[in-house]
**Student:** 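Just passing along the structure, written as structure tokens.
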Amino acid sequence: MTVGQVCGWEDKQTAESRMVREVLLRAGFTRVDAYRYNSASLRVRVIDARFETMPRDERDSLVEPHIEQLPETTQSDIVNLVLLS
């Protein structure tokens, strides 16, 4: 990617997706990308080295308490949550 080039999802960010990103970054996750795919769907990707040796259910358990801090409507719109190391 060249300097100044924007990822395709960055133009789909909303105040709500930025809120999701900020909550997860404050929780200490290394990288968080979030965007609104459509009016009923938020997509979230969390990248953190701690996930490397964890099975999926443990990764979920680590992220879930922070997702639960979000408004219920935001939580219900997160239909794609990808947790990568």
Side-chain angles (χ1 to χ4, degrees):
M1 182 181 340
T2 61
V3 175
Q5 187 176 4
V6 177
C7 294
W9 58 265
E10 287 183 349
D11 61 345
K12 296 179 181 179
Q13 289 185 342
T14 63
E16 188 177 32
S17 66
R18 284 188 287 277
M19 175 181 55
V20 171
R21 184 174 183 274
E22 289 304 313
V23 164
L24 294 172
L25 287 173
R26 276 195 313 261
F29 296 104
T30 305
R31 179 175 174 183
V32 179
D33 301 316
Y35 68 94
R36 181 158 286 286
Y37 182 69
N38 60 37
S39 62
S41 173
L42 281 166
R43 293 185 174 181
V44 180
R45 176 177 63 187
V46 181
I47 302 172
D48 196 285
R50 293 175 288 178
F51 295 152
E52 188 170 342
T53 59
M54 285 185 189
R56 174 66 192 207
D57 60 331
E58 288 181 27
R59 294 177 188 196
D60 288 340
S61 295
L62 190 61
V63 174
E64 205 169 296
H66 306 289
I67 297 291
E68 289 174 351
Q69 295 175 18
L70 299 165
E72 286 186 28
T73 55
T74 302
Q75 292 179 45
S76 66
D77 282 355
I78 298 174
V79 297
N80 189 312
L81 178 61
V82 180
L83 307 174
L84 304 170
S85 62

**Student:** Could you walk me through whether Val23 and Leu25 pass the side-chain contact (heavy atoms from CB on, under 4.5 Å) test, one step at a time?
**Tutor:** CA-CA 6 Å; Val23 164; Leu25 287 173; over 6 Å; no

**Student:** Restricting to pairs with a member in residues 72-83, which pass side chain to side chain donor-acceptor pair (under 3.5 Å), not counting sequence neighbours?
**Tutor:** Glu16-Thr74, Arg36-Asp77

**Student:** Any side-chain heavy atom of Val46 within less than 4.5 Å of one from Phe51?
**Tutor:** yes

**Student:** Determine the minimum heavy-atom distance between Gly28 and Asp48, stating which atoms define it.
**Tutor:** O-OD2, 3.6 Å

**Student:** Which heavy atom of Phe29 sits nearest a heavy atom of Leu62, and at what distance?
**Tutor:** CZ-O, 3.8 Å

**Student:** Provide the full list of side chain to side chain donor-acceptor pair (under 3.5 Å) pairs with a residue in residues 57-69, sequence neighbours left out, each pair given once.
**Tutor:** Arg56-Asp60

**Student:** Test Leu24 against Val44 for side-chain contact (heavy atoms from CB on, under 4.5 Å), laying out the working first.
**Tutor:** CA-CA 10 Å; Leu24 294 172; Val44 180; 3.9 Å; yes

**Student:** Is the NZ or CZ atom of Arg21 positioned over Tyr35's six-membered ring, under 6.0 angstrom from the centre and within 45° of the axis?
**Tutor:** no

**Student:** Please enumerate all residues that pass side-chain contact (heavy atoms from CB on, under 4.5 Å) together with Asn38, with sequence neighbours excluded.
**Tutor:** Ala40, Ser41

**Student:** Does the pair Ile47 and Val32 meet the rule for a side-chain contact (heavy atoms from CB on, under 4.5 Å), with working shown?
**Tutor:** CA-CA 6 Å; Ile47 302 172; Val32 179; over 6 Å; no

**Student:** Indicate the atoms forming the closest heavy-atom contact of Thr30 with Ala49, along with that distance.
**Tutor:** OG1-N, 4.3 Å

**Student:** If you look at every heavy atom in Pro71 and Met19, which pair is closest and at what distance?
**Tutor:** CD-CE, 3.8 Å

